Amino acid sequence: MKKIAPDWLKKAVFYEIYPSSFFDSNGDGIGDLPGIIAKLDYLVDLGVNAVWLNPCFASTFADGGYDISDFRQVAPRYGTNDDLLKLFAEAKKRDIRICLDMVAGHTSTEHAWFKASARPEKNEYSNYYIWNNSWLESTGGLQMISGMAERDGSFMVNYFSVQPALNYGFANPDPAFPWQLPVDHPDVLKVREELKNNMRFWLDLGASGFRCDLAPSLIKKDPGKVATMALWREIREMFDAEYPEAVLIAEWAYAPQALKAGFHCDFLLHCGTPGYTTLFRNEPERDLWRGIDKSAFYEKDGNDYTVKNFHSYFDAAGLGDAEFFFKTYLDHYERTREDGFISIPTGDHDMTRISDFRSEQDLACVFAFILTMPGVPFIYYGDEIGMKNIPGLVSKEGGYTRTQARTPMQWDGSENKGFSTAPAEKLYLPVDKRPGAPDLAEQQGRPDSLWHKVQELLKIRQTLPALQADGGLKLLLADYPLVYLRSKGEETFVIVIQPAAREWRCEVELPFAAAELSPVLAGNINAGIADGKMCFSGGGTQYGIWQIKR
Ligand code: NOJ
Ligand code: CA
């Protein structure tokens, strides 16, 4: 049987670090790489063993670093290439893998390739980007910009106007527009080689893999993503041949395509942010913890949206619906379990934070779910203490509404929450000074805090292979509570999660004749076996894990 991933990935729990906001080591107000190195022991203490670092390369920072001007150079504000190498080395000593962010689809307009491509005379970079032949010509329905270069023509952009799309070709070029090059055109194959070489560059220096930005977008006019999938499969072949221990993580948000395309993991992007795709693309109301029910609506206030009438499954009100989620999830899971892993993130730098409308105990239930599901979980920095969105901030570096979830990590209760020694007005973004804003030091000192619960769940996941990425999953009940089995070899565990704040009781069939439910983490839930069934009961907002013993 083919190996679906390097062994380390099966045990991996990732921690996403937005470098500007994690820890500022030199007092300039912006987080940096030495700051991350200084906090590696914290990651060990928490219990994660891999990091996804958002782009830390030279950039115009019009899109938080996703507008790269040099793929092989660390942005000066974060440090030097040597600092990144030191981060790889120090992380390795602690058995932590560092994965970088590969923005494969576009660069900044300040990248040397683009500057050359924008020259009026033909040169070897002319076709590195997608240009039509005259500023007056039709764009063929593509999002193109003109008026920014001496070259006569418009160039295609992927996201913001300063993010020109790299040219990986068109799966179905329109003959009316001969500038739409086919995917096997020698010029666009060169761009593919550049992508591979940029990956090789950092893998050779010690990176453990990449999260690949907008992975499905590389080849244009590619219905069904057939050509884009073939491109990524070629990259996976390179990984298997040259870097078998390194991983490819997709920002694709559709596992049935991403995992068949050779990615080891794909994100289940799970956010109610208006305009952003989700696993349930047109049905954000079905999301488990950011979702909203049918009667919900968005209230717009300036640039911010507030969700009103919020009922997702993990609401203490207990009015949500897990069944719909599992219908899609299990379909994707069954279709892809031989290919790779679905990654459920607690959040990321594009979503609203998970903590809106949630108490610490509600959040603990969400973590209990994410950390006991198959696949490779991702924790967004600060979610382990329930950091909150700070709505109403002026957009920072292209963040717009996303800015609210990118504020500095709250390490302690001091002036800048331990993030930086810079004067408050020099911080990358303001720290959360509202009453009740969580901080790590307070939570570490309080044994029943969210942080301790997350740490406990991580410890359990690390010691029980059945709970890890490739352990089996069987859903028993998708109601209040949620009950499912995880198993590997001879070991089977039952997980019960009750987010609703009410008294409850349930019975579910035993998967095999068993003598005992042996608690791994019982919380306040009563568990037992009677008449061939497992019986659980308790007060609200609880979770537990038991081993089913013969
Ligand atoms: C997805 C990234 O997560 C987001 O932050 C970025 O703005 C876009 N891709 C464009 O690169
Ligand atoms: Ca700094």
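Counting starts at 1 for both ligands and their atoms, in listed order. Nothing here was measured: the structure is a model prediction, and the numbers come from that model.
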Quiz item: Are any side-chain N or O atoms of Thr139 and backbone N or O atoms of Leu142, one a donor and one an acceptor, separated by less than 3.5 Å?
Solution: yes
Exercise. Check each atom of ligand 1 against the heavy atoms of Arg402 and keep those under 4.0 Å away; list them by number with element.
Key: 4 (C), 5 (O), 6 (C), 7 (O)
Practice problem: Determine whether the aromatic ring centres of Phe22 and Phe419 lie less than 6.0 Å apart. | Solution: no
Quiz item: Just which atoms of ligand 1 are under 4.0 Å from any heavy atom in His349?
Solution: 2 (C), 3 (O), 4 (C), 5 (O)
Self-check item: Side-chain donor or acceptor of Ser343 paired with backbone N/O of Cys265 under 3.5 Å
Solution: no
Practice problem: Check Asp24 and report its N/O/S atom nearest to the Ca ion (ligand 2), by atom name. | Solution: OD1
Exercise. Using a strict cut-off of 4.0 Å, indicate which atoms of ligand 1 neighbour a heavy atom of Asp63.
Key: 6 (C), 7 (O), 8 (C), 10 (C), 11 (O)
Practice problem: Please identify which atoms of ligand 1 are closer than 4.0 Å to at least one heavy atom of Asp350. | Solution: 1 (C), 2 (C), 3 (O), 4 (C), 5 (O)
Exercise. Please answer whether the main-chain N or O of Ala171 pairs with a side-chain N or O of Asp222 as donor and acceptor at a distance below 3.5 Å.
Key: no
Exercise. Run the salt-bridge test on Arg406 and Glu16 with the 4.0 Å N-O cut-off and return the result as yes or no.
Key: no
Quiz prompt | Atoms in ligand 1 with a heavy atom of His106 nearer than 4.0 Å | solution = 10 (C), 11 (O)
Exercise. Kindly state whether the ring of Trp52 and the ring of Phe267 have centres lying under 6.0 angstrom apart.
Key: yes
Exercise. Run the contact test for Arg211 against ligand 1 with a 4.0 Å cut-off on heavy atoms, strictly below, and give the result.
Key: yes
Quiz item: Measuring to the Ca ion (ligand 2), does Ser25 have an N/O/S atom at a distance below 3.0 Å?
Solution: no
Quiz item: Stepwise, does the side chain to side chain donor-acceptor pair (under 3.5 Å) test hold for Asp101 with Tyr66?
Solution: CA-CA 9 Å; Asp101 210 315; Tyr66 284 90; 2.6 Å; yes
Self-check item: Winner among Asp101, Asn54, Asp213 once heavy atoms are compared against atom 11 (O) of ligand 1
Solution: Asp213
Self-check item: Among the N, O or S atoms of Asp28, the one nearest the Ca ion (ligand 2)
Solution: OD1
Practice problem: Please calculate the OD2(Asp32)-the Ca ion (ligand 2)-O(Ile30) angle and round it to 10 degrees. | Solution: 100°
Quiz item: Any chance the rings of Tyr129 and His111 have centres within less than 6.0 Å?
Solution: no
